[in-house]
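To start, the structure itself, in C-alpha cells.
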Amino acid sequence: MSQYKVLFFDSKTYDEKTFKQALKALNGQTKLRFTFLESKLTDETVDEAQGFDAICVFVNDILDANILEQLHKQCHSVKLIALRSAGFNNVDLETADKFGLKICRVPRYSPYAVAEHSVALLLSLNRNLHHAFFRTKQHNFTLDGLVGIDLFGKTVGIIGTGGIGMCAINIFLGFGCKVLAHDIYPDEKAAKEKGFTYVTKDELLQQSDIVSIYAPLLESTYHLINKESLEKMKPTALLVNTSRGGLVDAKALVDCLKAGKLRGAALDVYEFEKKYFFNDFSQQVMEDDTLARLISMPNTIITSHQAFLTEEALKNIAETTVQSLLDFFDGKSLHEQNEVKFSSKK
C-alpha cells in the first residue's frame, strides 16, 4: 500500500511527538508519512511541498492568494491543507476553492486550555506575580507596587461566548464575579442557566472591570478594540486577549496605557506577531517598536501565543488532524465541522 506524504510547516518538537503518537493511535502508519519542517510556509518555502499530497500548517503560516497560486502551480500533488488551529483567518478561502484545494481545521481542541490561560494571565497581571517572581529571585522581598484587586464582586465582560468564552464564564462565575457578555449570536438559554447577562458591546465596555476577548478574527471583528473602544472602558479596567492579535489595535492600546487610561493589559496574541512569536530573538534588537513598548511596560504581560499549549489540547489537535487526513485519503467526506469551505455570501 502506498503512503500519502504530508509536509508540516512551522513544526516544533511537541508537534512531531504528538502527531507521531496520534498516527500510531489511529493506526495510520501504513497510510500516512509525515515530514516536519521548522520553517514557516512563505513564498520562499512553498516549493518544499513538491511531491507531497498534503501540507499541515499553523496560525502564522501564510496562505494568501499568492502562496496558494504557487502551491497550485509548483506542487500539483497537494490536494489538502490541514490547519493545526481553529481559526482560518490566514487562509484565502476563495483562492483555495478556485484551485480545488480542500481545507480542514481543528474547531475544538481544548476550550479549557485557552480559557484557563486567559485567567492565569489576568491573575498574574492583577496580583503583579510577574514582578514578585523576579523580585524574590533577587532576594528582594518588599511588597511596594504589588497591590492588586479582589476579583470577587467585580464585573467581567466576555466578548465572544463560544466554547472558550463559556469556559471562561464558568471560571469567573466561580470567582464570584458578575459576568456580562456580548456575542452576535447570544445564547440566552445558557445565560439564564448560568447566571450571566448579554448586553451591547458599549455597555460591556463601560461597565466592566475586566474585559476578556474570545472572538474569532473576521473582517467584522478586526480592531474590535480600538481607540474609540478603549476610551469607553474604565481607566481602572484590565484588558485580556487570548484570541487573535488583530482584534486589538496595538498602537491604540499603547497610547491608552501611556496616557494612564487603562489599569493594564494581558495579551497572548499580537496583531503583528507573525515575525516574532515562536522564534528566539533574545540576541537581536527588537525592530517592532509597538511590541517592544508593550513588553517593557510594568502593567502588561505578554506571552507568545501559548494559550493552546496543554498536553490535552496538543493530543486533540493531532488526533483530529490525523483523522481528517485519513478520511480524506480514504475518499470519505471530511467532518462538517472540520472542513472549511468558501462562501460567496457577504
Side-chain angles (χ1 to χ4, degrees), residues 12-14 110 112-157 164 167-168 170-177 208-214 233-243 245 248 250 253-270 273 276-314:
K12 311 300 179 188
T13 54
Y14 50 78
S110 176
Y112 312 104
V114 180
E116 289 170 7
H117 189 75
S118 68
V119 177
L121 285 176
L122 171 64
L123 292 171
S124 297
L125 178 66
N126 173 42
R127 299 305 298 270
N128 293 289
L129 299 184
H130 52 316
H131 297 307
F133 173 80
F134 284 108
R135 281 194 194 183
T136 54
K137 282 288 185 181
Q138 297 170 347
H139 300 173
N140 176 356
F141 303 105
T142 61
L143 300 181
D144 291 340
L146 302 183
V147 179
I149 59 172
D150 288 355
L151 292 188
F152 179 83
K154 297 299 187 293
T155 299
V156 177
I164 299 171
C167 286
N170 289 337
I171 295 171
F172 285 117
L173 289 173
F175 276 123
C177 299
S208 298
D209 301 298
I210 295 138
V211 174
S212 198
I213 310 170
Y214 306 98
M233 294 175 64
K234 296 179 181 181
T236 55
L238 296 165
L239 176 68
V240 183
N241 183 18
T242 52
S243 295
V248 176
L253 177 59
V254 167
D255 291 341
C256 183
L257 290 165
K258 282 170 60 179
K261 295 181 179 180
L262 200 65
R263 186 183 184 97
L267 311 174
D268 184 56
V269 289
Y270 170 65
E273 70 181 53
Y276 293 99
F277 283 20
F278 312 123
N279 296 296
D280 183 359
F281 283 84
S282 60
Q283 302 300 313
Q284 300 180 44
V285 174
M286 174 72 69
E287 296 177 355
D288 187 323
D289 292 340
T290 302
L291 179 57
R293 192 61 183 265
L294 281 171
I295 292 171
S296 69
M297 288 180 167
N299 56 341
T300 61
I301 290 184
I302 315 294
T303 52
S304 54
H305 209 134
Q306 71 177 73
F308 75 98
L309 199 61
T310 65
E311 293 176 359
E312 293 83 358
L314 290 172

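Reckoned from all heavy atoms, side chains included, excluding hydrogens, waters and symmetry mates. The shown structure was predicted, so the numbers you read here are calculated from the model rather than taken from an experiment.
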Do any N or O atoms from the side chain of S208 and from the backbone of V211 form a donor-acceptor pair under 3.5 angstrom? no
Does atom CD of E287 have more than 12 heavy-atom neighbours from other groups under 6.0 Å away? no
Any side-chain heavy atom of N241 sitting closer than 4.5 Å to one from Y270? no
Do you know the tightest heavy-atom contact between A115 and A168? CB-N, 3.7 Å
What distance separates L121 CG from L129 CG, expressed to the nearest 0.5 Å? 11.0 Å
side-chain contact (heavy atoms from CB on, under 4.5 Å) for I302 and F277? Distances and angles first, verdict last. CA-CA 11 Å; I302 315 294; F277 283 20; 4.2 Å; yes
N/O donor-acceptor pairs under 3.5 Å from side chains in residues 253-266, not counting sequence neighbours:
unit_1	atom_1	unit_2	atom_2	d
D255	OD2	K251	NZ	3.4

Could you go through the side-chain contact (heavy atoms from CB on, under 4.5 Å) check for V156 and L173 one step at a time? CA-CA 9 Å; V156 177; L173 289 173; over 6 Å; no
In the structure I gave you, are the side-chain heavy atoms of F281 and D288 within less than 4.5 Å of one another anywhere? no
Would you give the length of the straight line joining atom CD1 of I301 to atom CD1 of I295, rounded to the nearest 0.5 angstrom? 12.5 Å
Would you mind reporting whether H305 and F278 have side-chain heavy atoms less than 4.5 Å apart? yes
Which atoms form the tightest heavy-atom contact between S296 and R293, and what is the distance? OG-O, 2.9 Å
F175 side chain reached by K154 side chain, heavy atoms, under 4.5 Å: no
Is any side-chain heavy atom of L123 closer than 4.5 Å to one of L151? yes
Side chains of residues 142-150: which donor-acceptor partners sit under 3.5 Å, not counting sequence neighbours?
unit_1	atom_1	unit_2	atom_2	d
T142	OG1	R135	NH1	3.2
T142	OG1	N140	OD1	2.8

Would a 4.5 Å heavy-atom cut-off, applied to side chains only, mark Y14 and L309 as touching? yes
For a side-chain contact (heavy atoms from CB on, under 4.5 Å) check, start with the C-alpha distance between D209 and L238, then their side-chain angles and the critical distance, and finish with the verdict. CA-CA 6 Å; D209 301 298; L238 296 165; over 6 Å; no
Donor-acceptor side-chain pairing of T310 and Y112 below 3.5 angstrom: no
Distance check, rounded to the nearest 0.5 Å: S110 atom OG versus I164 atom CD1? 8.5 Å
Spatial distance of atom CG (L239) from atom OG (S212) [nearest 0.5 Å]: 8.0 Å
F152 atom CZ, neighbour heavy-atom count above 12 within 6.0 Å: no
For P298, does its backbone N or O pair with a side-chain atom of H131 as donor and acceptor, under 3.5 Å? yes
Which distance, rounded to the nearest 0.5 Å, do you find between the OG of S124 and the CG of L122? 8.5 Å
Please check this pair: side chain of T242 against backbone of S118, looking for a donor-acceptor N/O pair closer than 3.5 Å. no
State the CG-CG distance between N128 and N126, to the nearest 0.5 angstrom. 7.5 Å
